[in-house]
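Below, read A as the first sequence line, B as the second, and so on, with proteins coming before strands; counting in each chain starts at 1.
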There are 2 protein chains.
Amino acid sequence: MPVDSADMVDAFFERYRPKLTETAIVLLTPNVKVLHHPKKHELIKANQTSGYAYLLVKGAARSYYLHNGTEINSWFAFENEMVGSLRNYNNLPSRETIELLEDSTLLSFNVNGIKPLMAENIEISNFINQVIGEYCLYLEDKLYYTHLRSARERYTALLAQEPNVFKRVPLTYIASFLGISRETLSRLRAK
Amino acid sequence: MPVDSADMVDAFFERYRPKLTETAIVLLTPNVKVLHHPKKHELIKANQTSGYAYLLVKGAARSYYLHNGTEINSWFAFENEMVGSLRNYNNLPSRETIELLEDSTLLSFNVNGIKPLMAENIEISNFINQVIGEYCLYLEDKLYYTHLRSARERYTALLAQEPNVFKRVPLTYIASFLGISRETLSRLRAK
DNA sequence: ATGATTTTGTGACATAAATCAAATGGCCAA
DNA sequence: TTGGCCATTTGATTTATGTCACAAAATCAT
């Protein structure tokens with residue numbers, strides 16, 4: 001069980017193939033920090049350009065944006081998932097606010113420190129691009145499983161594919177994520 | 001105006017920043033070919049794993065998949081756009097068929113030949129990852145501009161952002177792309 | 001614990017968009 | 001050019017889901 005910064009970074013990097021060598025890890029480490037933040041803390045704020053991405057070690061987060069004054073949730077994340085704004089990574093303001101749903105432990109990645117390393121170390125470049133590539137496949141899936149599908153189909157798909165969402169996220173948030181009203185979600189659950 | 005393979009490859013690579021050096025282009029060139037295919041030709045087939053990606057030099061293409069026996073169009077592409085299957089790139093079968101909407105001129109990229117080059121040449125790696133990164137931003141935009149929006153909002157957004165789609169793609173295809181019925185699209189157009 | 005605030009559920013009703021049906025228009029091949 | 005096949009439009013009807021209103025339940029702060 002990881003107990004300090006170096007160990008946790010290690011445990012995370014272990015998941016990546018091909019594994020990062022010592023050289024890459026030495027370069028990355030000064031740009032990675034362990035953080036603890038309480039529920040409701042905002043990691044990324046809408047319309048701002050943050051220089052950080054995060055790994056959720058323990059806890060949960062949501063991403064949402066405002067549309068006609070109401071919050072629309074775009075995703076939820078849990079243990080071992082990267083959270084951050086792809087638009088921030090591309091030097092654009094984030095459209096979304098990323099907020100913690102639970103008291104959480106995180107690794108913060110200093111993107112401005114890491115980007116230059118991508119030119120000198122191909123493993124780091126592959127590592128970042130693998131994270132983006134996986135996110136891209138996730139977005140394709142999300143479009144595929146929501147486009148032209150009924151409220152019930154989207155609900156049952158989410159229940160099948162990410163059951164933990166229903167255990168840790170308020171239904172109000174899940175409703176807008178599914179693109180339906182709270183009332184409709186309530187009725188779908190009632191069967 | 002590019003007239004042969006090398007020239008067209010060049011014209012395409014010119015668009016990328018930072019520009020590829022001669023070394024990178026020499027490595028890539030044997031993996032790139034100029035092709036001509038007629039309307040209705042299928043570049044990528046659903047449920048198969050193709051080893052090629054394409055740049056549309058001249059012409060148009062669509063990507064679609066079958067859902068309950070009907071074709072759902074997931075995107076349209078025109079001049080100077082890359083077309084291919086991200087799932088194929090990740091060694092997964094494509095969910096979609098990519099079909100030409102017009103007689104077209106293309107550059108084909110041999111992905112199996114190019115992938116090994118990414119390890120030895122960081123410019124090639126950056127080039128591929130830039131294409132994927134831009135696609136990822138496009139997917140985020142598409143989700144953002146369709147989620148929880150009415151048929152009329154999605155229609156007017158497409159009309160504003162990609163007016164050429166309405167000039168070169170049959171309305172039947174556009175309807176499923178927008179996630180609405182042909183009849184509804186017709187009524188929206190009638191204002 | 002206790003009340004207050006927030007979240008979830010239920011009912012009645014409104015509406016956007018789908019479906020079904022059929023007419024019109026456009027385009028391609030012989 | 002002509003017929004035939006799609007693509008598009010228009011109309012009538014149905015349906016899924018949203019909206020509004022309020023009740024019940026759960027959660028939170030004091």
Side-chain angles (χ1 to χ4, degrees), chain A residues 37-42 59-62 64 66-73 76 97 99-104 145-159 163-191, chain B residues 38-41 59-62 64 66-73 76 97 99-104 145-159 163-191:
Chain A
H37 283 299
K39 183 172 172 168
K40 288 193 199 292
H41 175 82
E42 295 182 349
R62 68 168 177 138
Y64 72 91
L66 290 179
H67 179 58
N68 299 339
T70 63
E71 294 178 359
I72 311 296
N73 293 276
F76 308 110
T97 297
E99 179 197 83
L100 296 178
L101 291 167
E102 304 170 0
D103 297 349
S104 302
Y145 287 110
T146 55
H147 191 68
L148 237 4
R149 256 101 175 168
S150 69
R152 157 146 276 128
E153 286 173 304
R154 301 199 300 273
Y155 165 70
T156 51
L158 182 63
L159 200 55
N164 41 319
V165 167
F166 289 91
K167 295 185 189 113
R168 297 170 72 176
V169 180
L171 295 169
T172 327
Y173 294 167
I174 297 176
S176 73
F177 173 80
L178 287 171
I180 61 184
S181 67
R182 283 165 293 136
E183 293 90 334
T184 296
L185 178 55
S186 179
R187 289 178 184 118
L188 288 172
R189 276 160 44 83
K191 186 136 244 102
Chain B
K39 182 171 172 169
K40 286 195 199 294
H41 174 82
R62 68 169 177 138
Y64 72 91
L66 290 178
H67 179 59
N68 299 338
T70 64
E71 294 179 0
I72 311 296
N73 293 276
F76 308 110
T97 296
E99 181 197 81
L100 295 179
L101 290 167
E102 305 170 359
D103 297 349
S104 302
Y145 286 110
T146 56
H147 191 68
L148 238 5
R149 255 103 174 167
S150 69
R152 159 146 274 129
E153 285 173 304
R154 301 198 299 272
Y155 165 71
T156 50
L158 181 64
L159 200 56
N164 41 320
V165 167
F166 288 90
K167 296 187 189 110
R168 296 169 72 177
V169 180
L171 294 170
T172 327
Y173 294 167
I174 298 177
S176 73
F177 174 79
L178 286 171
I180 63 184
S181 68
R182 282 162 296 138
E183 293 91 333
T184 297
L185 178 54
S186 177
R187 289 180 183 112
L188 288 171
R189 275 158 46 82
K191 183 132 249 104

Tabulated below should be each protein N or O lying under 3.5 Å from an N or O of nucleotides 23-30 of chain D; please produce it.
none

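- Here D/dT10 presents its P atom at 14 Å from NZ of B/K191, a figure rounded to the nearest Å.
- In terms of heavy-atom proximity, A/S104 sits nearest to A/G59 at OG-CA, 3.4 Å.
- Listed in residue order, the members of residues 146-154 of chain B having a heavy atom less than 4.0 Å from DNA chain C are B/S150, B/A151.
- Between A/T184 and D/dT17, a side-chain N or O to OP1/OP2 separation shorter than 4.0 Å is absent.
- Out of D/dG11, C/dA18, C/dT10, the shortest distance to the side chain of B/I180 is found at C/dA18.
- Listed nucleotides: D/dT19, C/dA18, C/dT10. Nearest to the side chain of B/S181: C/dA18.
- Under the 30°/60° scheme for interplanar angles, the aromatic rings of A/F166 and A/Y155 are found to stand perpendicular.
- No side-chain heavy atom of B/F177 sits less than 4.5 Å from a side-chain heavy atom of B/V165.
- Taking atom CG on B/L188 and atom P on D/dT10, their separation rounds to 12 Å, with Å as the unit.
- Considering all non-hydrogen atoms of both residues, A/L101 and A/V169 come closest at CD1-CG2, 3.9 Å.
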Close N/O contacts between protein and nucleotides 6-8 of chain C (under 3.5 Å):
residue : atom : partner : partner atom : Å
C/dT8   : OP1  : A/L171  : N            : 3.0
C/dT8   : OP2  : A/L171  : N            : 3.2
C/dT8   : OP2  : A/T172  : N            : 2.9
C/dT8   : OP2  : A/T172  : OG1          : 2.6

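- Tested against B/E102 for a salt bridge (Lys or Arg N to Asp or Glu O under 4.0 Å), the candidates B/K40, B/K167, B/R168 yield a single pass: B/R168.
- Between the side chain of B/R182 and the main chain of B/L171, no donor-acceptor pair closer than 3.5 Å is present.
- The closest side-chain heavy-atom distance from B/K39 to B/L100 is not below 4.5 Å.
- Cation-pi geometry between B/R62 and B/Y173 is met: under 6.0 angstrom from the ring centre, within 45 degrees of the axis.
- Side-chain contact between B/L188 and B/L178 is absent, with no heavy atoms from C-beta onward closer than 4.5 Å.
- Across all non-hydrogen atoms, the minimal contact from B/E71 to B/S176 is O-OG, 3.6 Å.
- Note on B/L185: nothing from the nucleic acid sits closer than 4.0 angstrom, heavy atoms only.
- Counting all heavy atoms, side chain and backbone alike, A/Y64 lies closest to A/E42 at OH-OE2, 3.8 Å.
- Whole-Å rounding puts the B/R187 CZ to D/dA12 P distance at 10 Å.
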